[in-house]
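By convention in this document, chain letters (A, B, ...) are assigned in the order of the sequence lines, proteins followed by strands, and residues within each chain are numbered from 1. Keep in mind that what you see is a predicted model, and the values were worked out from it rather than measured.
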Number of protein chains: 2
Amino acid sequence: MKDSEENMEQRILECAEKLFLDKGYNLASTTEIAKEAGCTQALVHYYFRTKENLFQKIFDRKLSLFLAPFAESDNSTLPFAELLESKVRIFFDSVAQNQKMPFMLLSEIMSSTTQRAYIRDKITEICGVMSLEFNRRVEAEVASGNIRPVTGVDIMLDIFSLVMSFFMLLPVLEDLDVVTDENREAFIKERRTHIIETLIHCIKK
Amino acid sequence: MKDSEENMEQRILECAEKLFLDKGYNLASTTEIAKEAGCTQALVHYYFRTKENLFQKIFDRKLSLFLAPFAESDNSTLPFAELLESKVRIFFDSVAQNQKMPFMLLSEIMSSTTQRAYIRDKITEICGVMSLEFNRRVEAEVASGNIRPVTGVDIMLDIFSLVMSFFMLLPVLEDLDVVTDENREAFIKERRTHIIETLIHCIKK
DNA sequence: ATTATCTATAGATCTATAGATAATGC
DNA sequence: ATTATCTATAGATCTATAGATAATGC
């Protein structure tokens with residue numbers, strides 16, 4: 001009852017999210033989550049019964065928020081190069097605001113087959129329609145000879161790879177002093193531009 | 001003394017490597033490693049004292065083997081596009097033979113600052129010279145107007161991102177039935193070609 | 001003698017639950 | 001009465017070590 005502005009269940013969710021993102025599922029213990037939230041460990045289980053439940057609730061919400069902007073952006077009337085640029089920009093900015101999500105997502109992908117099935121369903125649910133449309137669009141562009149023969153899957157993989165890896169590798173770039181506190185913001189912006197240009201070049205004949 | 005062909009210390013190393021790659025540092029217990037190797041858990045500690053030691057020894061060796069082909073390939077006499085193709089091909093094939101390394105490497109990068117410092121030093125040690133030469137070459141090509149203005153760092157990031165992410169995302173592609181047992185080999189080969197073409201397109205003016 | 005291997009166990013977690021007590025809403 | 005919170009504890013790991021015993025190399 002210290003913080004009158006929000007209840008303990010909410011606090012637990014917030015602290016758990018932070019710890020799961022920082023340390024991953026296994027290293028974030030319900031004991032530590034409770035400590036961070038300012039309650040006993042038993043209370044965490046009172047509200048969410050199992051650690052697995054708690055995690056899944058957080059991960060589910062996070063994954064939706066993470067993918068939504070990318071999935072929802074409908075730019076079907078744009079020329080293809082601009083559509084591509086818009087897609088990358090939106091996804092890049094979504095990741096920039098959730099810089100720990102790529103690693104969390106990958107960890108879950110590696111963790112178990114069931115978790116992967118869950119993620120697959122979630123991706124299909126959120127991105128399925130957009131993905132189908134995108135694939136069709138790419139096919140149409142290829143058929144009409146506007147771009148070189150690539151598949152929608154290839155381009156999607158390119159986008160995911162370039163954007164997610166960049167943020168996962170940022171800490172290394174900082175260690176190597178390629179990225180510093182001074183140039184950080186500019187570097188990120190330039191990288192976004194580079195990725196957009198790379199992808200646009202990549203589809204050119 | 002069951003397996004006469006190799007000693008137990010070696011067996012432990014091999015089983016530990018497999019388990020660390022499969023489950024990650026935290027979920028691979030010395031208990032399980034011992035069980036897999038066919039000895040008691042105490043013996044694992046007899047040979048390597050701590051789990052951390054054991055892991056570091058394996059990771060160190062694995063990281064060297066993983067980066068070496070990429071670092072050592074000297075193609076400085078080739079035209080730049082061919083040099084790029086060669087670099088990607090070599091790194092792609094190295095990852096293809098160590099498909100779990102990208103995730104292990106990322107996990108360690110995320111795990112702690114000390115581990116990151118260690119990785120930074122290792123990368124510098126193995127790739128430092130090559131990296132410097134590559135950067136100079138890129139600058140020269142840009143200066144002479146052969147390619148569009150990009151940095152060596154950008155291209156390195158592109159290569160690492162596209163190649164490592166592809167193998168980390170493979171399980172998802174399999175879940176989505178984009179990759180199956182039948183097309184797997186061909187798909188991987190085509191992806192390698194696509195990445196090479198993308199990077200070559202990307203440097204064109 | 002030395003090295004390899006085992007048994008047994010201490011000590012540190014961690015998750016989950018049972019059961020007691022305090023706070024809150026009627 | 002119901003809901004929120006705490007104390008205490010069971011039971012499952014896991015790492016690391018001490019101390020005993022078996023195997024090996026002179």
Side-chain angles (χ1 to χ4, degrees), chain A residues 1-60 62 104 107-108 110-112 114-115 118, chain B residues 1-60 62 104 107-108 110-112 114-115 118:
Chain A
M1 296 296 101
K2 288 171 194 171
D3 269 9
S4 52
E5 65 168 311
E6 51 175 6
N7 62 7
M8 190 50 84
E9 187 174 0
Q10 194 56 32
R11 278 186 62 79
I12 292 171
L13 272 173
E14 287 161 14
C15 296
E17 175 172 323
K18 182 175 173 302
L19 285 167
F20 281 139
L21 281 166
D22 278 358
K23 321 179 64 168
Y25 179 78
N26 294 298
L27 288 185
S29 67
T30 54
T31 311
E32 196 181 4
I33 291 166
K35 197 174 134 200
E36 194 84 358
C39 66
T40 72
Q41 181 253 352
L43 201 62
V44 176
H45 289 271
Y46 169 73
Y47 280 120
F48 303 97
R49 202 167 56 80
T50 66
K51 180 182 171 184
E52 183 62 37
N53 266 353
L54 173 59
F55 176 82
Q56 207 59 28
K57 179 162 281 178
I58 288 167
F59 181 64
D60 182 74
K62 207 64 188 151
M104 179 182 253
S107 297
E108 292 312 304
M110 305 304 284
S111 75
S112 71
T114 38
Q115 189 64 338
Y118 167 78
Chain B
M1 298 293 99
K2 288 169 191 169
D3 268 9
S4 50
E5 63 168 312
E6 51 175 6
N7 62 6
M8 190 50 85
E9 188 174 0
Q10 194 55 35
R11 279 187 62 80
I12 292 171
L13 272 172
E14 287 162 14
C15 296
E17 174 171 324
K18 183 175 171 304
L19 284 168
F20 282 138
L21 281 166
D22 278 358
K23 320 180 67 170
Y25 180 78
N26 294 297
L27 287 185
S29 67
T30 53
T31 312
E32 195 180 4
I33 291 167
K35 197 174 134 199
E36 194 83 357
C39 65
T40 72
Q41 180 254 351
L43 202 62
V44 177
H45 290 269
Y46 168 76
Y47 281 120
F48 303 96
R49 201 168 55 80
T50 67
K51 181 182 171 184
E52 184 61 38
N53 266 353
L54 173 58
F55 177 80
Q56 208 60 28
K57 179 160 279 179
I58 289 167
F59 181 62
D60 182 73
K62 206 66 187 151
M104 178 181 253
S107 296
E108 292 311 303
M110 305 305 283
S111 74
S112 73
T114 39
Q115 188 65 339
Y118 167 79

[X], nearest nucleotide to its side chain (from [options]):
X	options	value
A:Ala42	C:dA18, C:dC6, D:dT15	C:dA18
B:Thr40	C:dT7, D:dC14, C:dT5	C:dT7
A:Tyr47	D:dT5, C:dC6, D:dA16	D:dT5
A:His45	C:dA4, C:dC6, C:dT15	C:dT15

Parallel, tilted or perpendicular: ring planes of B:Phe55 versus B:Tyr25, cut at 30 and 60 degrees: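 The rings of B:Phe55 and B:Tyr25 stand perpendicular, inter-plane angle above 60°.
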message: With hydrogens left out and only the distance checked, is there a donor-acceptor pair under 3.5 Å joining B:Gln41's side chain and the base of D:dA16?
response: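 Looking at the base of D:dA16, it does pair with a donor or acceptor on the side chain of B:Gln41 (distance under 3.5 Å).
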Under 4.0 Å between a side-chain N or O of [X] and OP1 or OP2 of [N]?
X	N	result
B:Tyr46	C:dT5	no
A:Thr31	C:dT13	no
B:Thr30	D:dC14	no

Atom pair distance, as rounded to whole Å: [atom1] in [X] and [atom2] in [N]:
X	N	atom1	atom2	answer
A:Ile12	D:dT5	CD1	C1'	10 Å
B:Asn53	D:dA16	CG	P	9 Å
A:Leu27	C:dT13	CG	P	13 Å
A:Leu43	C:dT21	CG	P	18 Å
A:Lys51	D:dT13	NZ	C1'	13 Å
B:Phe48	D:dT17	CZ	C1'	17 Å
B:Phe55	D:dT15	CZ	C1'	16 Å
B:Lys35	D:dC14	NZ	C1'	14 Å

query: For residues A:Gln41 and A:Thr31, is any side-chain donor paired with an opposing acceptor at under 3.5 Å?
result: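 No, no side-chain donor-acceptor contact under 3.5 Å.
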statement: A correct dot-bracket answer for DNA chain D, with pairs being Watson-Crick or G-U at under 3.5 Å, [ ] for crossing pairs and | for inter-strand pairs, is ||||||||||||||||||||||||..
field: Working for side chain to side chain contact (heavy atoms under 4.5 Å, CB included), residues B:Met104 and B:Ser107
entry: CA-CA 5 Å; B:Met104 178 181 253; B:Ser107 296; 5.6 Å; no
message: Please determine whether side chain to side chain contact (heavy atoms under 4.5 Å, CB included) holds for the pair B:Gln10 and B:Leu13, giving the CA-CA distance in whole Å, both sets of side-chain angles, and the decisive distance to 0.1 Å.
response: CA-CA 5 Å; B:Gln10 194 55 35; B:Leu13 272 172; 4.1 Å; yes
message: Taking A:Glu32 first and then A:Lys23, would you say they form a salt bridge - that is, a charged N and a carboxylate O separated by under 4.0 Å?
response: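 Yes, this pair counts.
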- request: Please round to the nearest 0.5 Å and tell me the distance separating atom CZ of B:Arg11 and atom CD1 of B:Ile33.
  value: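 B:Arg11 CZ to B:Ile33 CD1: 13.0 Å, rounded to 0.5 Å.
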- prompt: Only one of B:Thr50, B:Leu43, B:Val44 clears side-chain contact (heavy atoms from CB on, under 4.5 Å) with B:Thr30; which?
  reply: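 Exactly one option meets the side-chain contact (heavy atoms from CB on, under 4.5 Å) with B:Thr30, and it is B:Val44.
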